Amino acid sequence: MASKGNILLSVSGFDPGIWRSELEKMAPDRAVVEEPSGPGDPAITYAVVWKQRPGVLNGLPNLKAVFSIGAGVDHIFAEGDVPNVPIVRVVADDLTERMSEFVVWQVLDHHRKGPLYRRQQAQRIWHEDLMQPSAREVTVGILGYGTLGRDAASKLRMLGFRVVGWSRTQKQDQGVETFAGEDGLPRFLGQSDIVVCLLPLTPATRGILAAPMFDRMKKRGPLGAPILINAGRGALQNEADILAALEDRRLGAASLDVFETEPLPIDSPLWTHPGVTITPHAAATSVPAALIPPMIAQMDAHDAGAPLTNLVDREAGY
Ligand code: NDP
Ligand code: OXD
């Protein structure tokens, strides 16, 4: 029996069913609806969204907050006017740990020459590449030293890598040299052998992974040329520039989880490029059973007067 306000669930790009059933399980006292009952539906108090239907959030007089089912919120702003209510994003160990797994996997794969040995295996070639640096000789630079970046950094450091971080505002972190803003970028890039991008997509970061950045990256290093790993957002990267940089060795290789257009078009040259590893926006999946309980807990606490946490700064866009 629904006695609290209704939850509007508006997701596109995948089946909302598992989110709906988890919401219904965890919040039996709230009805879950996928559309307002009509203009100005007064029963809706919270929305849970991923690339919501354009306009669906507008004109809901009792909407108290919008919850993103991911860490990123660019998908919310992309769908036009978003009412001026708080936006809550995912900050959860489950998601963070999944992302760190991905980052560590890709860093180690490049560091330990996975692409080379897979190519050799396909040709039955037995040849040990003796140019194998130790982790201590390799610096991993994390663009976007936030919730995900810091966790990945701590796990990479445990493996022995040197880590540097770049963020919008200056950070202090023991054991990690940190840089901030445009001024800090050249020194960050100049020492990173592997650049891991965990930036949010905002007006300031759109298209940042492009020729001007690749031109400024470290020229030589223990891995030969710098490696790019992007698990932030596809619109952070210029794919034509990545391909050009791979051709002239400004980049040695790239692992891309996100793309300008998703799914990656069948005719994209990235699919077959020997220097590119592709995963289908799978770096850190949002798992309903892990993410819905804290969302419902926040809704209940907020209804009882508590402030919301993990709020998005609308001006900064993340
Ligand atoms: P956070 O907000 O915790 O961290 C973002 C970091 O980026 C912060 O350090 C922030 O700086 C920095 N940043 C933002 N704008 C700029 C800028 N203009 N210049 C320099 N640094 C900047 O986000 P999360 O770590 O939780 O998530 C990051 C992103 O990862 C998400 O927005 C999403 O796009 C992506 N993601 C991808 C997934 C996947 O499966 N591929 C899964 C989950 C997330 P400051 O610290 O100063 O605020
Ligand atoms: C996210 C994502 O933002 O999965 O959480 O991309």
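None of the values given here were measured: they were computed from a predicted structure. First listed ligand is number 1; within each ligand, the first listed atom is number 1. For the single chain, residues carry numbers from 1 onward in sequence order.
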Compute the shortest N/O to N/O distance between [X] and ligand 1 and return yes if it is under 3.5 Å, no if not.
X    : value
V90  : no
W166 : no
G146 : yes
L148 : yes
T285 : no

At a 4.0 Å threshold, what atoms of ligand 1 neighbour a non-hydrogen atom of [X]?
X    : result
D257 : 39 (C), 40 (O), 41 (N)
R233 : 33 (C), 34 (O), 35 (C), 36 (N), 37 (C)
H281 : 39 (C), 40 (O), 41 (N)
T205 : 15 (N), 16 (C), 17 (C), 18 (N)
A204 : 18 (N)

Quiz item: Taking the inter-plane angle between the rings of F67 and Y46 on a 0 to 90° scale, is it parallel (under 30°), tilted (30 to 60°) or perpendicular (over 60°)?
Solution: perpendicular
Look at ligand 1 and say whether [X] reaches it with a heavy atom at a distance under 4.0 Å.
X    : result
R98  : no
L199 : yes
E182 : no

Quiz item: Is there a nitrogen or oxygen of G70 sitting under 3.5 Å from a nitrogen or oxygen of ligand 2?
Solution: no
Quiz item: Purely on distance, is any nitrogen or oxygen of L95 under 3.5 Å from one on ligand 2?
Solution: no
Practice problem: Name the option, out of K171, H75, R89, Q170, that contains the heavy atom nearest to atom 46 (O) of ligand 1. | Solution: K171
Exercise. Please work out which of P200, G72, A231, G149 has its closest non-hydrogen atom nearest to atom 36 (N) of ligand 1.
Key: A231
Element-labelled atoms of ligand 2 that are located less than 4.0 Å from some non-hydrogen atom of [X]:
X    : result
H281 : 2 (C), 4 (O), 6 (O)
A284 : 4 (O)
R233 : 1 (C), 2 (C), 3 (O), 6 (O)

Quiz item: Is it true that D74 and R206 make a salt bridge, defined as a side-chain N closer than 4.0 Å to a carboxylate O?
Solution: no
Quiz item: Which residue supplies the protein heavy atom nearest to atom 1 (C) of ligand 2, what is that atom called, and how far is it?
Solution: A71 N, 3.4 Å
Quiz item: When you measure from the side chain of T285 to the backbone N and O of V287, does any donor-acceptor pair fall under 3.5 Å?
Solution: no
